[in-house]
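So the structure is just underneath, and the comments pick up after that.
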Amino acid sequence: MTIRFGVIGTGAIGREHMRRITQKLLGGEIAAVTDIDLSAARKAVEELGIEARIYPEEELLADRSIDAVIITSWGPAHEASVLAAIAAGKYVFVEKPLATTIEGCERIVQAEEKIGRRMVQVGYMRRYDRGYQALKSVVACGELGSPLMVRCTHRNAAVDERYTTEMAVLDTLVHELDVTRWLVGDDYAEVQAVFPRRTKYAHEALQDPQIFLLRTQTGIVITAEVFVNCRYGYDIQCEIVCEEGTVSLPAEASVEFKHDALHKRAVPQDWKLRFADAYDAELQDFINQVERCNEPQGPSAWDGYLATLAAEACVRAQKSQGWESVTPGISQPKFIAGRV
Ligand SMILES: NC(=O)C1=CN([C@@H]2O[C@H](COP(=O)(O)OP(=O)(O)OC[C@H]3O[C@@H](n4cnc5c(N)ncnc54)[C@H](O)[C@@H]3O)[C@@H](O)[C@H]2O)C=CC1
Ligand SMILES: O=C1[C@H](O)[C@H](O)[C@@H](O)[C@H](O)[C@H]1O
């Protein structure tokens, strides 16, 4: 059976996911697309050279021939589309964030709870990256003892004038917020923000770089740096310090040069390439589960809620410069309990 997908939002990553499902992955096809700007949807279909229906979101979600939806619209639009897709009985892959408000995430978690099964997978693709999966295996097997500290770095070469101080959390740090709790198997208790000296390459309204301290419920302390005008490339680092040793995310495989008295290797420049295999793996997993009428196995609505909850506390910490607590307002659904 080929899973017929409807895509909601045909911008940068929406087109990326349409291309990978059409040209690379197995078992899925793009049967319908929509966008708040239908001409953008039409252009995306034409560029990909596929036959797909183009119609408003309401019609797409009412179309019984569509098995599942992929939501790659602008973050604030996610909640409404996810809730409508669940109500229409369609499986949902939604790009991060699950929703841009805690209340929106709670409504989605409760909508799933009402039907008693998972329908949603959130696009926190780093859990599908082989390097992060290797990190998690080492921590989980306990050969280094318990994790005590984690050091993360999330650096982009440059961002434009529209990028804000809050987006450093809501768009960027949110990847570390999801993947780190998954790596150490522990949830956050409190967070703090520290602002170093600003780089001259940050536009006037942007604090850059930023450092976040997060303490988990068992006392693990995570230092997460976000630096979005680092100039030299897209540099993602993660080191976990345990009682008897450390384990680090491997650098992406790339050739090494020894030339002209220098020993050098390339730094990745683009998140699309750095995590290309992880995007493929998360969507192939989603396709496979939907094909078997199984619940999605990737990051759940509950994971998406906890990421947004921590992100919201980080945004509060940006303003207060003090410790801000991370306290869930709802309980974990029973059908998700114990799954990390
Ligand atoms: N997992 C990852 O590594 C990445 C995730 N993302 C996430 O994907 C989402 C989209 O990001 P981009 O593709 O970079 O944005 P974009 O701005 O390139 O595309 C967004 C598209 O959504 C459409 N749109 C906006 N509101 C809509 C609505 N209410 N209904 C339908 N369509 C609507 C816009 O017209 C546009 O075509 C964001 O949530 C972003 O955080 C983006 C880049 C990487
Ligand atoms: O989701 C993403 C990308 O995956 C990059 O990791 C971030 O740097 C970017 O800010 C965000 O849009």
Side-chain angles (χ1 to χ4, degrees), residues 6-20 32-45 47 54-61 69-85 93-100 104 121-129 132 152-160 162-179 206 208-210 224-230 233-238 268-283 298-299 304 307-308 311:
V7 175
I8 302 173
T10 54
I13 202 158
R15 293 163 189 242
E16 279 288 298
H17 289 342
M18 286 169 64
R19 179 190 55 75
R20 60 174 35 98
V33 301
T34 191
D35 192 292
I36 202 166
D37 171 4
L38 282 179
S39 65
R42 193 164 297 108
K43 189 160 176 279
V45 167
E47 280 174 1
I54 298 157
Y55 43 12
E57 181 174 322
E58 299 69 34
E59 289 180 43
L60 184 152
L61 292 173
V69 297
I70 292 176
I71 299 171
T72 43
S73 53
W74 181 43
H78 291 181
E79 177 195 351
S81 299
V82 172
L83 289 173
F93 177 92
V94 57
E95 264 301 343
K96 46 62 78 174
L98 173 68
T100 49
Q121 177 168 325
V122 190
Y124 288 113
M125 77 291 170
R126 293 200 188 168
R127 297 185 186 206
Y128 287 87
D129 175 74
Y132 277 104
C152 310
T153 298
H154 188 150
R155 294 178 183 152
N156 294 67
V159 292
D160 65 26
R162 292 169 300 172
Y163 190 96
T164 64
T165 298
E166 285 194 6
M167 283 172 70
V169 172
L170 301 172
D171 254 50
T172 304
L173 178 72
V174 71
H175 284 291
E176 275 74 22
L177 295 176
D178 174 70
V179 79
L206 174 60
D208 186 39
Q210 300 180 46
E225 172 208 314
V226 177
F227 185 12
V228 293
N229 288 288
C230 77
Y234 181 63
D235 187 8
I236 303 299
Q237 302 171 24
C238 181
Q269 295 300 305
D270 181 346
W271 48 263
K272 288 190 285 296
L273 300 177
R274 168 66 184 79
F275 289 109
D277 292 346
Y279 292 121
D280 291 347
E282 69 173 347
L283 276 170
T308 296

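Position 1 is the first residue of the sequence; numbering continues from there. For ligands, and for the atoms within them, numbers begin at 1 and follow the listed sequence.
Ligand 2 places these atoms under 4.0 Å from at least one heavy atom of Tyr279: 4 (O). Proximity to Tyr279 (heavy-atom distance under 4.0 Å) selects the following atoms of ligand 1: 1 (N), 2 (C), 3 (O). Residue contact check: Gly75 has heavy atoms under 4.0 Å from atoms 39 (O) of ligand 1. In the vicinity of His78, heavy-atom distances shorter than 4.0 Å reach the ligand 1 atoms 39 (O). Close approach of ligand 1 to Thr10 is summarised as follows: ligand atoms under 4.0 Å from at least one heavy atom of the residue are 37 (O). Numbered from 1 in the order shown, with element, the atoms of ligand 1 that lie under 4.0 Å from a heavy atom of Trp271 read 43 (C), 44 (C). Taking a cut-off of under 4.0 Å to the non-hydrogen atoms of Gly123, the atoms of ligand 1 that pass are 1 (N). Residue Trp271 approaches ligand 2 through these ligand atoms, each under 4.0 Å from one of its heavy atoms: 3 (C), 4 (O), 5 (C).
Distances from ligand 2 to the non-hydrogen atoms of Phe275 include no value under 4.0 Å. Using a 4.0 Å heavy-atom cutoff, Met167 is absent from the residues neighbouring ligand 2. Within the structure, the closest approach of Tyr124 to ligand 2 does not fall below 4.0 Å when heavy atoms are considered.
Protein heavy atoms are absent from the 4.0 Å sphere centred on atom 15 (O) of ligand 1.
Looking at Ser73, Ala40, Ala12, it is Ser73 that brings a heavy atom closest to atom 9 (C) of ligand 1.
Looking at Ile8 next to ligand 1, no N or O pair under 3.5 Å apart turns up. Inclusion of Gly14 in the set of residues having an N or O under 3.5 Å from an N or O of ligand 1 is not warranted. Ligand 2 has an N or O atom lying under 3.5 Å from an N or O atom of Asn156, backbone or side chain.
Only side-chain heavy atoms of His175 come within less than 4.0 Å of ligand 2; its backbone N, CA, C and O stay farther off.
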